[in-house]
Amino acid sequence: MRPAPARSMPPTSSELISAVSHPLRRRILCAYVDGTFECASAGELAAAMGERVGRVAYHLKTLARDDILRPAQGGAGRGREGARYGWTLGVEPEWLRLVLEVWSGAEVSG
């Protein structure tokens with residue numbers, strides 16, 4: 001599976017609010033923005049966050065629906081032959097970092 005081309009326009013306001021309004025989605029997005037992950041599977045993210053794989057997968061699909069994340073081939077898997085598949089950012093990381101910072105500031109002052 002080849003990664004989809006990055007979306008030329010950022011998500012709409014409602015898509016963005018939906019993406020960052022859930023704490024687990026914010027944690028997932030922060031893991032990409034801070035460089036913890038470039039391409040990660042639901043299982044890898046779940047293990048890193050101490051969450052159930054099904055719960056993480058649901059939120060990954062929600063983020064992908066709005067093109068904030070996209071499916072991608074991420075190189076060799078752990079102990080497996082061939083490529084593994086995961087999720088990568090579909091938006092500019094610096095833009096997303098700014099959005100997460102604004103959201104964080106709004107939560108503190110709100």
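Numbers for residues simply follow the sequence, beginning at 1.
Summarising the geometry, atom CG belonging to Leu60 is positioned 12.0 Å from atom CZ belonging to Arg65; distances are rounded to the nearest 0.5 Å. Taken from CD1 in Ile28 to CD1 in Ile68, the straight-line distance is 11.0 Å, to the nearest 0.5 Å. Between atom CG of residue Leu89 and atom CG of residue Asp67 there is a gap of 12.0 Å, rounded to the nearest 0.5 Å. Annotation: the span from Leu69 atom CG to His59 atom NE2 amounts to 12.5 Å, rounded to 0.5 Å.
The two residues Tyr85 and Ser41 make their nearest non-hydrogen contact at O-CB, 3.8 Å. A pairwise comparison of heavy atoms in Val53 and Ala42 identifies CG1-CB, 4.1 Å as the closest pair. Pairing each heavy atom of Val33 with each of Pro93, the nearest pair is CG2-O, 4.1 Å.
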* Run the numbers on Tyr32 and Trp87 for side chain to side chain contact (heavy atoms under 4.5 Å, CB included), then give the verdict. => CA-CA 10 Å; Tyr32 284 97; Trp87 299 91; 3.5 Å; yes
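Between the side chain of Arg26 and the main chain of Val20, a donor-acceptor pair closer than 3.5 Å is present. Looking only at distances, a side-chain donor or acceptor of Asp34 sits under 3.5 Å from a matching main-chain atom of Thr36. No donor-acceptor distance shorter than 3.5 angstrom exists from the side chain of Thr88 to the backbone of Arg70, with no hydrogens or angles considered.
Under the rule for a salt bridge (Lys or Arg N to Asp or Glu O under 4.0 Å), the partners of Arg55 that lie at least two apart in sequence or sit in another chain are Glu51.
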